[in-house]
Structure formats: structure tokens, C-alpha cells
Amino acid sequence: MSWRKHDTANSHFIVSSDEPDLHLHLRAHDDEPDRIPVLFVHGATYASRLYDVPHSGASWLKATTETGFAAYALDIRGYGKSQVSGLEDAEKPYATGRDAVADITDAVTWICQRHGVDRIGLLGGSWGSITTAMFAAGPGSAKVSALVLYAPIFADKNSGWLDFLSDSSDRTMFDPAFRAARAICEGSTRTRWDSEIPQDAGWRDEDVFQALVQSSLSDDPGAPHRDPPAFLAPNGTLLDLWEAFNARPLYDPARITCPTLLIRGSADTTSTRSDALALFDRLGTQSKRYAELSGGAHFASAEQLGPQIFSTTNAFLRDWLGGSDVV
């Protein structure tokens, strides 16, 4: 398929310090050791592919390298190429935020050693905004030079998500029907994404959509054997979202003291304006920025707003990490 010619990332597999036999996958572009490193951490559904959509102009990682950085994206355990066996048959939701923080810690340690640095730039999107903030507010407080929270989620009541996550017989309880992982197909992605985009808005390119979906399916060896073809996404994230969307914070923003950028699309119903601004006000750092771009939904980085999101983030990272435009 045509997306494969754009699938040019390097792959690194690192040994987990937390779970036996687990090898974590890092996707990378221009990862020469003399470059300043930036690590991207994904959200609840799509793994590192969301930051490296294999289509011309759609890769956030490649755009980041144009400012002179080495760009990495981590697949949290059970996502993408960080494969874990037995998820389809397991009962308990797999890979919560605490597990993700352990994986981020391993990735940051490996990247710092590779580049000979003590700190890196860190970006987390959606659920990844929770896990990277947990890291920056806790065990990684001395390891992050600058933090970007894309489509941030913090702690605000969200009735739409609570409808999805609640037990139908008791809305005060998390739905026990969510097992270790859920199957994500093209149709479910389209339905979820379309629900946030005004009809006929033309925000999304179908070729970019297909590149993201098809490449993600290719990362899961079991995808072709499901009907319809689908990749697995762990459900531990849903436990964290249950807390966040019930307005119960999972970390203390006052403990984040590094320069921080919050960036979101104005039509995002998952990362809401009220939630993002409440987080912004509670951040401990005085070096903070808030950017809201009109005409974008939750997956805005893979929509028409992509280039604006890339350039806004690059400008922030360049201010705090250095780097330079690459011709």
C-alpha cells in the first residue's frame, strides 16, 4: 500500500525494568546521539503511529526533526509493537497509568543514556497527557526540560465519557464488562472521530485517515484474524479516564515545575476547554502557555490543523530546549 513508502522510522526495542519478558518499542526519526531528544507518549487508543502517520506531511515526529531534534515515540505496554501475549483472553484491564509511568521511565532512561543528557523534551497526548504529567510531577521531575500536553485531560466531569464507561446498572461504578483490552477497527475509529467533526467541515483527509488505520492494523499480528480486522488497545487506560472524568485528579499539577505548553483543538469534546484551563491555572511552573486552535477535534494533529500544531509545538520546544531550523 502507498503508506508503506512513508513508513521510514527506526525501531528500537528496550527491555522493561518492570515486567518480565516485556520489550518496549520506540519509534524514532533522526535519532543521532548528538541531537536533542524529544519523546512522544500516546493516548488511550492509537499508539505511536498517531505521531508518525505514514503520509506526506502528516508525521509529527518528522516535523519535530526539522527543528533539529531527535524525535521518539513510545508504545506503552500492550500497544503498537510493544506486544503482550494473552490480552485477548485476560479479564483485568491491562496497562494503567502507573504502568505507563514505569514504561516512560524506562524510555527516558534509555534515551538519556543514548544521547548523553540528563533531561529531555516530553510530549503526551490525551491519556498520554495524564501519564507524562504523572511522570513530570513525580519520578521524572528532574528529567524533563520542557513538557507539552496535547489534547490534555485532567479532572473535569465529562458526561459523554461517563455514559461510555459506567456500569449500566449503577452509574456510580466503572463498567466491569471492560476486560484486558478492546478491539479497534476502521469503523469504530471513523464513528468516534466523525462525532466531533461538523458535517461537511472537511477537516480530515481520507488518505491520512487510511494511513493511520492501516499502519496501526499492521502492527498487531492478530489484526487480520479478527472480523472486522482490528488491533487491540489495552483497557487500563479506561480506569484512569474514569477517575479523570469523575473530576478526581490523578496527579498534582503544582508539582510540575518545568516549562509547559497545553495545546488543543477548539472542538475537542474529550479534552475540554474548562478542564484544560483548570489544569493551566494549577500548574506549578511560571513558564506556561496555552494554545487553542480553531477547527480541530481530538485527533487534530492528524487533521488539517496538523501543520499548525507541529509549528506551535516546535516553537515552544526550541525556546526551552534549543535546536535550530534544518534546511
Query raised in the report: Quick one: do the Tyr150 and Ser301 side chains pair a donor with an acceptor below 3.5 Å?
Result: yes

Query raised in the report: Strictly under 6.0 Å, is that where the ring centroids of Phe164 and Phe178 end up?
Result: yes

Query - Side-chain H-bond candidate by donor/acceptor type, Ser59 with His6, under 3.5 Å - result: no

Query raised in the report: Under 6.0 Å between ring centres, would you say that holds for Phe245 and Phe154?
Result: no

Query raised in the report: When you measure from the side chain of Ser82 to the backbone N and O of Gly78, does any donor-acceptor pair fall under 3.5 Å?
Result: no

Query raised in the report: Do you know the tightest heavy-atom contact between Lys81 and Asp75?
Result: N-OD2, 2.9 Å

Query raised in the report: Is a side-chain donor or acceptor of Asp175 paired with a backbone partner of Leu165 at a separation under 3.5 angstrom?
Result: no

Report task. Quick one: sort the Trp242 and Phe174 rings into parallel, tilted or perpendicular, breaks at 30° and 60°. Result -> perpendicular

Query raised in the report: So does Glu303 pair up with Arg204, basic N to acidic O under 4.0 Å?
Result: no

Requested in this report: Kindly determine whether Asp219 and Arg27 satisfy salt bridge (charged side-chain N to carboxylate O under 4.0 Å, His left out), including the steps that lead there.
Outcome: CA-CA 12 Å; Asp219 288 339; Arg27 183 180 306 280; 3.6 Å; yes

Query raised in the report: Between Arg49 and Asp7, is there a salt bridge with N-O shorter than 4.0 Å?
Result: yes

Report task. Using side-chain contact (heavy atoms from CB on, under 4.5 Å) as the criterion, list what pairs up with Ser266, not counting sequence neighbours. Result -> Glu292, Ser294

Query - Residues Arg114, Asp31: salt bridge by 4.0 Å N-O rule - result: yes

Query raised in the report: Is it true that Glu88 and Arg182 make a salt bridge, defined as a side-chain N closer than 4.0 Å to a carboxylate O?
Result: no

**Report entry** Heavy-atom donor-acceptor pair, Arg264 side chain to Ser271 backbone, under 3.5 Å
**Finding:** yes

**Report entry** Test item: Thr191 side-chain N/O and Ser188 main-chain N/O as donor-acceptor pair under 3.5 Å
**Finding:** no

Requested in this report: Kindly assign one of parallel, tilted or perpendicular to the pair Trp193 and Phe209, based on the angle between their ring planes and the thresholds 30° and 60°.
Outcome: tilted

Query raised in the report: With the threshold set at 4.0 Å, does a side-chain nitrogen-carboxylate oxygen contact exist between Asp240 and Arg248?
Result: no

Requested in this report: Just say parallel, tilted or perpendicular for the rings of Phe280 and Tyr290, cut-offs at 30° and 60°.
Outcome: perpendicular

Requested in this report: Taking the six-membered ring for Trp and the single ring otherwise, decide whether the centroids of Tyr72 and His115 are under 6.0 Å apart.
Outcome: yes

Query raised in the report: Cut-off 3.5 Å, side chains only: do Thr64 and Tyr51 have a donor facing an acceptor?
Result: no

Query raised in the report: Looking only at side chains, do Thr270 and Trp161 share a donor and an acceptor under 3.5 Å apart?
Result: yes

Query raised in the report: Cation over ring, Lys143 on Phe135, under 6.0 Å and within 45°?
Result: no

Query raised in the report: For His12, what residues pass the ring-ring contact (aromatic ring centres under 6.0 Å, His included) criterion, not counting sequence neighbours?
Result: Trp110

**Report entry** Phe316 side chain near Arg289 side chain, heavy-atom distance below 4.5 Å
**Finding:** yes

Report task. Could you tell me whether the side chains of His25 and Ser11 share a donor-acceptor contact shorter than 3.5 Å? Result -> yes

Query - Same cluster (ILVMFWY, side-chain, under 4.5 Å), Tyr46 and Val148 - result: no

Requested in this report: Applying salt bridge (charged side-chain N to carboxylate O under 4.0 Å, His left out), run through Asp30 and Lys62 and close with a yes or a no.
Outcome: CA-CA 8 Å; Asp30 290 338; Lys62 290 181 181 178; over 6 Å; no

Requested in this report: Determine whether the side chains of Asp52 and Trp60 contain a donor N or O and an acceptor N or O closer than 3.5 Å.
Outcome: no

Requested in this report: May I ask you to check whether Ser16 and Asp18 show a side-chain donor-acceptor distance below 3.5 Å?
Outcome: no

**Report entry** Positive for side-chain contact (heavy atoms from CB on, under 4.5 Å) with Leu22, one of Ile14, Asp106, Asp103
**Finding:** Asp103

